[in-house]
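Below, read A as the first sequence line, B as the second, and so on, with proteins coming before strands; counting in each chain starts at 1.
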Amino acid sequence: MATETMQASRTAYGHRDIEPKWGERWERDGVYTVSDDDPRPKWYELHMYPYPSGDLHIGHWFAMSGADAHARFMRMKGFNVLHPMGFDAFGLNAENAAIKSGVHPYRWTMSNIENMRRQLRSMGAMYDWDREVVTCTPDYYRWNQWLFLQLYNNGLAYRDGAPVNWCPSCQTVLANEQVINGQCERCDSPVIQREMEQWFFSITKYADELLDHSKIDWPERINLMQTNWIGRSEGVEVGFDISEYGLDQDSIDTFTTRIDTVFGVTFIVLAPEHPLVAKLTTDEQREAVEEYVEQARRQTEIERLSTEKEKTGVFTGAYAVNSLNGERVPILVADYVLLSYGTGMVMGVPAHDQRDFEFAKKYDLPIRVVIAPPDWDGSELEEAFIGEGTQVNSGEFDGLPSSEGMERIADHVEERGLGGRAVNYKMRDWLISRQRYWGTPIPIVFCDDCGEVAVPESYLPVLLPDDAEFLPTGDSPLALHQEFVNTTCPDCGGPAKRETDTMDTFVDSSWYFLRYASPTYHDGPFDPVAAMEWNPVDQYTGGVEHAVMHLLYARFFVKAMRDLGLLDFDEPFVRLVNQGTIVFNSQKMSKSRGNVIAPDDYVEDVGADVVRTYLMFMGPWEQGGDWNDNGINGMARWTNRVWELCQRDADELGESSDEAAVGNLRRALHKTIRKVSEDMERFKFNTGIAAMMEFSNTLNQAWQAGNVDAKVWRESMRGLVLMMSPITPFLAEELWGQVGGEYSVHQQPWPEWDEDLAADEMITLVVQVNGKLRDRIEVPADVSEEDARAVALASDRVKQHTEGKAVRRVIYVPGRLVNVVAG
RNA sequence: GCCGAAGUGGCGAAAUGGUAGACGCGCCGGUCUCAAAAACCGGUGGGAGUUAAUCCCGUGUCGGUUCGACUCCGACCUUCGGCACCA
């Protein structure tokens, strides 16, 4: 029993019998089997596949039953709908479970999947299980490896150094999730950033194309988040001279979007991780710099970039010369500069950048105004001036408007060979390496003679050994597995060692939607014909939490595969809708937080149809909300009432001579079909269900009034059952038989509405005086503007409220209202 | 901190420039019952008013645009999602 508030636990129609009955029948009859050869137009409706954490929680049901209802609706609208399901089966949790409880990740994952399949079946979704995709099987992940090789052979995968979270005590790499307040979750030791060689995909090569959302119909907020994430900025790279130090480079490059302020540079700041830091630091400053770099390694990026945090830094003892004015400025190290953005160093212009300003104030560095604010009197600035103004203290550029100075100085920099215009992106290349076992092995070997060698395609898959040991030693189980690590070089046959990093699970989810079209295909990641017939996905649904990473990675993959000649389209997901998050006690549900609400007890109690209806009714699908079951009884009452309406014998109504009553019921039916059709199309399930509830109330009232005939009653009942079928698939199937429909309700066309039959004869004209409601007048729907104005001005209420005032204007909104402006 | 959203009755919500609170929950009253539950019928934003007519107030806060603002604009407050190794 889920809670004590659930009293209507016996559905009138016996959900415990009918739900399994129809579930088995559908499966036996292949009602949801999807054929590639179906003559109807295709519709690929995909919901983001779940991570098999063990149980589907009520949030999964909320997301998946909405997606299923929409897919069912599209099928009834005449499409051949592919609505598949699978499991995102690699990842950290399985490995953690293995370390904790000794269960192998494969067994843990597969038993979770089995349970979740059972739950999904109980939900009554229209998945074609023959197309299921499970990413941790060699049949799937060999194609991750194959795709990696295609990217690698085309210069889109490379190895480079990058920092990882490192626990010095456990001697292990930690996920961000495993770092709690800068400490290791297992042993509480302070976590540091450590540089390691890792694999990257070159997503930044596609940055400009990824900024283009014109070919997809996505929520504007998602496009905006992606645009901000990619963070394109145009600027200038300009070199500062360090030839006095006799290093192997004579200058250091900084990237700036404000080259107009370059004469105001009073210092240079390097990121603490920058390789030049050690080379430039003088002996006197070495101890202070090393200490500072050490503390920077203990901070997260979010901490470092906080604009609230007091800026800190340290002098290296070295100087660089600003080639534009010959000025020698100090080089400092500060943690607000990131190695990963731009060139990993910035020019400090305190007068015109707020972070630099605060930094300069703190360390007593000069602040020189080079862009005069419009009404500037020459006094000291209280804060950085970041607007446009006039160039001052800028040599030959003095007097120019700063917008022009920007262009002229950039030209000057280019002409003198000091640098040039450049574009930078906040987005970084995609780091796919994970120092873990439960993922796809990266198909590379390292040979003493040949170096880095790609595993030939014919050798794939590089199998994940199933006898790895899960010891809390810190080393990846793969690195400890001698038989896996030691291999022979595919080129020279000599001894070689395998790469032991595995791939980020986002690699799996970047192309899984292509696999559903041909899930058992053996000659490639997908059958090109089937994949291109079904793809791109027409409607993608999933959580807004995937706004940037997953959705950008998948877009990148499709574009890269297109350029490799594997696909002929540009975008993976044509239309995107994000359902909201179901939280519990204001927190996102997750197994690790222990606040998971399982649907199973509710399903047992009131049935899947009622749970689906409640989830779809509780609010807008795109909004989500805090879970409580306060209203679930109301849904059981409604489904019971509909069942009871269906039990009535329409013959009792006979024929009716009350044409108005019959017309009213028929009008209600057609209005409801129109409303529900529009709402289902746009995922507005809550208002669609409300319209169906209103209609079932109308039906009951009509029955009690006894003034409608059997014909319109039967039409109405059939329409209602069809409209309910995407939301309550089991009950609708049961009722469809009772109202004389032919099995299966899920293979019927969606009901059509007739605008003429839905049209109102009379409407309520709202009459306002100065915008305040003063009267309501029933008028014919086709009332003329003249008549509407006349009838409004004739109203006693209007006369009362305009007494002693002059009527200045009368505003008429056709079919809605008249507003009398008086005063 | 940065980026993106959301704030409406006792509760979930509806209305995206035109009747604020549809639909449902809860609650109150009634029918049925020996009684209760279930079910069914009616009422239900707050205040004033003769149980009336009617009037006033009311959509996070403050200000603006408009004949008219929950809806558009500006500032602020609170809550939620993401921030690159949770997926």
Side-chain angles (χ1 to χ4, degrees), chain A residues 5 7-8 10 12 48-51 53 88 90-93 96 164-165 173-179 219-222 224-225 227-229 231 300-309 340 426-436 504-506 509 543-550 552 578 580-581 583 586-588 590-592 614 617-620 623-626 628-635 637-638 640-641 644 686-687 689-694 697 700 704 764-773 775-776 797 800 808-811 813 816-823:
Chain A
T5 60
Q7 289 146 351
R10 292 168 305 278
M48 291 174 189
Y49 64 176
Y51 179 79
S53 57
D88 185 14
F90 274 137
L92 183 65
N93 290 352
N96 285 343
V164 293
N165 298 313
V173 176
L174 298 176
N176 287 342
E177 198 186 46
Q178 298 173 301
V179 181
E220 210 34 61
R221 64 172 194 274
I222 303 288
L224 192 56
M225 279 191 257
T227 301
N228 292 338
W229 180 266
T300 67
E301 221 165 82
I302 292 173
E303 286 164 350
R304 282 174 54 172
L305 290 177
S306 168
T307 51
E308 284 279 280
K309 192 192 73 158
S340 54
K426 223 182 295 166
M427 180 170 69
R428 311 199 279 261
D429 273 341
W430 175 11
L431 196 171
I432 63 148
S433 277
R434 299 292 181 267
Q435 292 70 40
R436 300 185 198 289
D504 181 4
T505 55
F506 278 125
S509 56
V544 70
E545 67 270 23
H546 293 295
V548 284
M549 303 178 66
H550 161 57
L552 278 173
N578 298 110
T581 312
V583 296
S586 302
Q587 283 201 306
K588 198 179 168 184
S590 76
K591 211 166 185 193
S592 55
Y614 181 58
F617 181 70
M618 59 187 262
Q623 183 180 303
D626 208 341
N628 72 65
D629 56 17
N630 288 343
I632 199 165
N633 266 320
M635 302 304 111
R637 271 186 212 132
W638 178 57
N640 281 345
R641 275 199 297 269
E644 192 273 327
N686 55 331
T687 47
I689 293 168
M692 290 191 270
M693 287 174 171
E694 261 184 288
N697 292 341
N700 187 44
Q704 277 170 7
T764 303
L765 190 69
V766 169
V767 182
Q768 298 179 334
V769 176
N770 292 332
K772 289 200 173 209
L773 174 74
D775 208 351
R776 295 185 176 95
R797 308 281 325 285
Q800 267 172 42
R808 291 191 186 150
R809 263 174 93 181
V810 178
I811 287 156
V813 181
R816 299 212 80 125
L817 62 66
V818 175
N819 186 16
V820 179
V821 184

Beyond-backbone contact of Gln435(A) with Val164(A), side-chain heavy atoms, under 4.5 angstrom: yes
Which is true for Asp775(A) with a 4.0 Å heavy-atom rule: it touches a base, it touches only sugar-phosphate, or it touches nothing? nothing
Side chain of Asn819(A) (C-beta onward), nearest among C67(B), C25(B), G82(B): C67(B)
Shortest side-chain distance from His546(A), nucleotide among A22(B), A87(B), C57(B): A87(B)
Using the glycosidic torsion, which applies to G81(B): syn (within 90° of 0) or anti (everything else)? anti
Could you let me know what A48(B) is paired to, Watson-Crick or G-U wobble, both distances under 3.5 Å, or none if it's on its own? U54(B)
What's the closest nucleotide to the side chain of Arg428(A) if the choices are C86(B), A84(B), G4(B)? A84(B)
Taking the minimum atom-to-atom distance to the side chain of Arg221(A), which one of A22(B), A87(B), G4(B) wins? G4(B)
Base-pairing mate for G68(B) - Watson-Crick or G-U, with both contacts under 3.5 Å: none
When rounded to whole Å, the CG to P distance for the pair Asp626(A) and G81(B) reads 11 Å
Length of the line joining Glu694(A):CD and A13(B):C1', which is rounded to integer Å: 14 Å
Which part of the nucleic acid, if any, lies within contact of Met635(A), taking any heavy atom under 4.0 Å across all strands shown: a base, the sugar-phosphate backbone alone, or nothing? sugar-phosphate
Please check if the side chain of Asn819(A) supplies one atom and the backbone of Ile811(A) the other of a donor-acceptor pair under 3.5 Å. no
Pairwise side-chain contact, Met635(A) with Met693(A), heavy-atom cut-off 4.5 Å (strictly under): yes
Base C3(B) to side chain Asn228(A), donor-acceptor N/O within 3.5 Å cut-off: no
For G81(B), which nucleotide is its Watson-Crick or G-U wobble mate, given both distances must be under 3.5 Å? C3(B)
Under 4.0 Å between a side-chain N/O of Asn640(A) and OP1 or OP2 of A38(B), yes or no? no
Does a side-chain N or O from Asn697(A) land closer than 4.0 Å to OP1 or OP2 of G24(B), or not? yes
Would you indicate which nucleotide in C83(B), C86(B), C85(B) comes nearest to any side-chain atom of Val173(A)? C85(B)
Below the 4.0 Å mark, does C23(B) have OP1 or OP2 next to a side-chain nitrogen or oxygen of Arg641(A)? no
Residue whose nearest RNA chain B nucleotide is more 5′ - Leu431(A) or Arg816(A): Arg816(A)
Val767(A) vs Arg797(A) side-chain heavy atoms within contact, under 4.5 Å: no
Look at the side chain of Asp504(A) and the backbone N and O of Arg434(A), then say whether any donor-acceptor pair between them is shorter than 3.5 Å. no
Side-chain contact check for Glu545(A): nearest option of A5(B), G82(B), A13(B) is G82(B)
With respect to the side chain of Thr687(A), which nucleotide from A84(B), G24(B), A15(B) is positioned closest? A15(B)
Given A84(B), G4(B), A14(B), which nucleotide is nearest the side-chain atoms of Met225(A)? G4(B)
Under 4.0 Å: is that the gap between some side-chain N or O of Arg776(A) and OP1 or OP2 of G18(B)? no
Could you check whether Gln623(A) gets within reach of a base, just the sugar-phosphate, or nothing at all, counting any heavy atom under 4.0 Å? sugar-phosphate
Taking the side chain as every heavy atom from C-beta outward, state whether Met549(A) and Trp430(A) have any pair of such atoms under 4.5 Å apart. no
Consider the side chain of Phe506(A), meaning its heavy atoms from C-beta on, and name the nucleotide among C23(B), A87(B), A15(B) that approaches it most closely. A87(B)
Between CH2 of Trp638(A) and C1' of A22(B) the distance, given in whole Å, is 15 Å
Ile432(A) CD1 - A87(B) P separation (whole Å): 14 Å
Let's test your reading of the model: under 3.5 Å, does the base of C85(B) pair with the side chain of Arg436(A) as donor and acceptor? yes
Any Asn628(A) side-chain nitrogen or oxygen under 4.0 Å from OP1 or OP2 of C11(B): no
Identified pairing partner of U16(B), criterion: Watson-Crick or G-U wobble below 3.5 Å: none
At 4.0 Å (heavy atoms only), tell me whether Phe617(A) reaches a base, stays on the sugar-phosphate, or touches nothing. base
Using a heavy-atom cut-off of 4.0 Å across all strands, would you classify Val179(A) as base, sugar-phosphate, or nothing? nothing
With a 4.5 Å limit on heavy-atom distance, are the side chains of Tyr51(A) and Thr505(A) in contact? no
With both distances under 3.5 angstrom, what nucleotide forms a Watson-Crick or G-U wobble pair with C86(B)? none
Could you tell me whether the phosphate oxygens of A39(B), OP1 or OP2, come under 4.0 Å of any side-chain nitrogen or oxygen in Arg637(A)? yes
Is Pro50(A) touching bases, backbone alone, or none of the nucleic acid, heavy atoms closer than 4.0 Å? nothing
C57(B) phosphate, OP1 or OP2, under 4.0 Å from Lys772(A) side-chain N/O: yes
Using Watson-Crick geometry (N1-N3 plus N6-O4 or O6-N4) or G-U wobble (N1-O2, O6-N3), each under 3.5 Å, C32(B) is paired with none
Hunt down the Watson-Crick or G-U wobble partner of C76(B), both distances under 3.5 Å, from any strand shown, or write none. G60(B)
Interatomic distance, Phe90(A) CZ vs C86(B) C1' [rounded to whole Å]: 17 Å
Give me the ring orientation class for His546(A) and Phe506(A): parallel if the planes are under 30° apart, tilted from 30 to 60°, perpendicular past 60°. perpendicular
Going by modelled atom types, is there a donor-acceptor pair between the base of C85(B) and the side chain of Gln435(A) at under 3.5 Å? yes
Consider the side chain of Trp229(A), meaning its heavy atoms from C-beta on, and name the nucleotide among G4(B), C40(B), C83(B) that approaches it most closely. C83(B)
